[in-house]
Amino acid sequence: MNILIIGSGGREHALVWKLAQSNSTGRIYCAPGNAGISELAECLDVKADNLTGLLEIVRIKKIDCTIVGPEVPLSSGIVDLFEQHHYPIFGPTQKAAEIESSKVFAKQIMSKYHIPTARFQVFEEYQEALSYLKTQSFPLVIKADGLASGKGVLIAGNRPEAEQALAQIMKEYRFGEAGRRVIIEEFLSGEEVSMLVFSDGKHVLPMIPSQDHKKIGDGDKGLNTGGMGAYSPVPFFKEEQQKLVLQKVFQPIIEGLEKEGRIFKGILYAGLILTGESFKVLEFNARFGDPETQVILPGLMTDLMEIVQASLGGYLDKIELNWHRQSTVCVVISSRGYPGAYQQGMIINGLENLKDREDIMVFHAGTGNRNGRIISTGGRILGVTAWAETLPEAIEKTYQGVNLIDFENKYYRKDIGKKGLSLSPDLVR
Ligand code: AMP
Ligand code: GLY
């Protein structure tokens with residue numbers, strides 16, 4: 001089967017890498033891809049939001065199945081478009097993907113189907129939102145409704161901060177149309193974990209949970225980023241609790257979406273907050289996470305293409321997922337300055353030191369080729385990923401890998417995975 005992967009980040013490199021190991025894949029294409037992906041797949045210079053360009057690739061290259069990485073093509077309706085042309089594609093339709101692209105829709109459907117989430121109110125009028133603030137205690141969370149590249153969530157410690165956030169979203173249109181409606185919601189404290197499932201619209205198959213590190217600085221300090229590293233599994237997120245999340249979150253939401261005429265096929269990702277025994281959903285994403293995918297897929301033993309086909313065919317209940325018993329850690333190396341302004345075009349040295357390792361994989365994100373050298377082309381550049389029997393060993397191995405790579409203005413967090421250790425004292429020897 002010829003496969004097309006859409007996207008250009010570490011997540012897509014991990015998908016291509018895993019699919020290249022499948023027995024049922026033939027030629028693998030990626031649009032637009034990156035330097036690392038181009039070693040495993042043919043990269044085509046069409047951007048992820050160019051739906052007609054992507055459709056053209058499917059025609060010309062005789063693609064048998066397309067897999068979508070990022071949220072933008074999903075929320076623009078790529079699945080609907082491909083289905084109209086009878087081209088198999090793995091991902092939710094535009095209406096189903098609204099679970100990610102509209103936070104208001106996500107909150108409303110969670111309420112309707114009794115899925116545990118933070119208390120909230122929706123506002124369309126600035127003045128009404130402003131008056132509501134007077135009745136609330138702080139901190140509070142203010143969210144723009146639509147997609148805002150992960151930047152549309154503002155945590156306000158007091159009323160002036162909340163008023164400023166509302167003004168930015170509703171008066172200054174900082175997030176454009178995405179801020180036409182806002183959600184004001186209760187602040188939840190606890191540990192955030194990511195739980196992803198494959199869904200065929202009726203049945204769900206869970207993946208091993210992971211934990212992302214969204215802030216730029218060690219100790220979760222500083223600005224939010226696309227994700228600076230992850231690890232999996234999460235030792236303090238116990239199996240019993242995972243089962244409850246399946247029962248109380250994934251099953252009702254999948255059934256709810258079906259009842260609403262928005263059958264969800266693809267990857268459903270719940271960002272959860274755990275507080276002791278209880279859990280709540282912070283958000284849903286309609287796709288694989290980045291960098292979560294980089295730590296989940298190395299442990300997957302079942303053929304990924306078989307799972308994708310079972311999802312498309314509606315028979316996920318007929319297959320079982322098998323996982324290696326290992327811990328996996330991914331440390332993202334970025335350009336210093338990210339998520340603010342940063343330099344591009346730096347030559348990356350040392351990648352050859354990690355080639356052909358069976359227990360380390362460097363997933364590329366913002367990389368390209370120039371005169372036969374690999375250079376940086378983005379803020380998040382590489383995700384060094386290593387696996388070992390235990391979390392402490394995987395952390396150590398990953399950082400050994402990080403130290404073998406060198407470029408100007410290299411930056412990375414030094415504490416990826418440490419929370420997994422400190423919150424699970426039984427792990428530390
Ligand atoms: P979201 O896009 O809704 O997941 O929000 C992005 C980030 O904001 C989350 O990963 C959390 O770190 C934080 N966040 C969102 N909602 C809340 C909440 N109700 N309480 C505390 N933190 C939140
Ligand atoms: N790691 C966060 C996300 O993929 O949205």
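One-based numbering, in listed order, for ligands and for the atoms of each.
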**OP:** Could you find the nearest protein heavy atom to atom 5 (O) of ligand 1 and give me its residue, atom name and distance?
**Re:** Val153 CG2, 3.3 Å
**OP:** Please tell me if the side chains of Leu382 and Leu351 come closer than 4.5 Å, counting only heavy atoms from C-beta onward.
**Re:** yes
Original post:
What about Asp290: any of its N or O atoms under 3.5 Å from an N or O on ligand 2?
Top reply: yes
Original post:
Are the side chains of Pro92 and Arg262 in touch, meaning some heavy atoms are under 4.5 Å apart?
Top reply: no
Original post:
What protein heavy atom is closest to atom 17 (C) of ligand 1, reported as residue, atom name and distance in Å?
Top reply: Leu282 CD2, 3.4 Å
Subject >> Minimum-distance protein heavy atom relative to atom 21 (C) of ligand 1 >> reply: Leu188 O, 3.2 Å
**OP:** Quick one: look at Lys143 and ligand 1, take heavy-atom pairs under 4.0 Å, and tell me if it's side chain, backbone, both or neither.
**Re:** side chain
Subject >> Numbered atoms and elements of ligand 2 in range of Gly289, under 4.0 angstrom, heavy atoms >> reply: 4 (O)
Subject >> Close N or O approach (Lys103, ligand 1; < 3.5 Å) >> reply: yes
Original post:
Which of parallel (below 30°), tilted (30 to 60°) and perpendicular (above 60°) describes Tyr399 and Tyr412?
Top reply: tilted
Original post:
Nearest protein heavy-atom contact for atom 22 (N) of ligand 1: which residue, which atom, what distance?
Top reply: Ile155 CD1, 3.9 Å
**OP:** Any atoms of ligand 1 less than 4.0 Å from a non-hydrogen atom of Glu185? List them with their elements.
**Re:** 16 (N), 17 (C), 18 (C), 19 (N)
Original post:
Nearest to atom 10 (O) of ligand 1, what protein heavy atom do you find, and at what distance?
Top reply: Glu192 OE1, 2.6 Å
Original post:
Relative to each other, are the rings of Phe250 and Phe284 parallel, tilted or perpendicular (30° and 60° limits)?
Top reply: perpendicular
Original post:
Between Val141 and ligand 1, which part of the residue brings a heavy atom under 4.0 Å of the ligand: side chain, backbone, both or neither?
Top reply: side chain
Original post:
Identify the closest protein heavy atom to atom 2 (C) of ligand 2: which residue and atom is it, and at what distance?
Top reply: Tyr269 OH, 3.3 Å
Original post:
Regarding Tyr113 and Glu260, is there a side-chain donor-to-acceptor distance under 3.5 Å anywhere?
Top reply: yes
Subject >> Nearest non-hydrogen protein atom, atom 5 (O) of ligand 2 >> reply: Arg287 NH2, 2.8 Å
Subject >> Where ligand 1 meets Phe187 - atom numbers and elements under 4.0 angstrom, heavy-atom basis >> reply: 20 (N), 21 (C)
Original post:
Has Lys280 got any heavy atom lying under 4.0 angstrom from an atom of ligand 1?
Top reply: no
Original post:
Can you tell me which residue and heavy atom of the protein come closest to atom 4 (O) of ligand 1, and the distance to 0.1 Å?
Top reply: Glu283 CD, 2.8 Å
Subject >> Which atom of Leu391 lies closest to which atom of Gly417, heavy atoms considered >> reply: CD2-O, 3.9 Å
**OP:** Check the surroundings of atom CD in Glu396: do more than 12 heavy atoms from other residues, nucleotides or ligands lie under 6.0 Å from it?
**Re:** no
Original post:
Of all the atoms in ligand 2, which lie at a distance below 4.0 Å from a heavy atom belonging to Asn285?
Top reply: 5 (O)
Original post:
Does the side chain of Glu292 pick up a donor-acceptor pair with the side chain of Ser194 at under 3.5 Å?
Top reply: yes
Original post:
Does one side chain, of Thr117 or Lys107, offer a donor that lies under 3.5 Å from an acceptor on the other?
Top reply: yes
Subject >> Short side-chain to backbone donor-acceptor contact, Arg380 and Gly226, under 3.5 Å >> reply: yes
Original post:
At their closest point, which heavy atom of Arg287 faces which heavy atom of Leu196, and how far apart are they?
Top reply: O-CD2, 4.4 Å
**OP:** Give the atoms of ligand 2, by number and element, whose distance to some non-hydrogen atom of Glu292 is under 4.0 Å.
**Re:** 1 (N), 2 (C), 4 (O)
**OP:** Taking only Lys NZ, Arg NE, NH1 and NH2, and the carboxylate oxygens of Asp or Glu, determine whether Lys214 and Asp220 approach each other closer than 4.0 Å.
**Re:** no
Original post:
Near Lys214, which atoms of ligand 1 are under 4.0 Å from a heavy atom of that residue?
Top reply: 10 (O)
Subject >> Sub-3.5 Å N/O-N/O distance, Asp212 and ligand 2 >> reply: yes
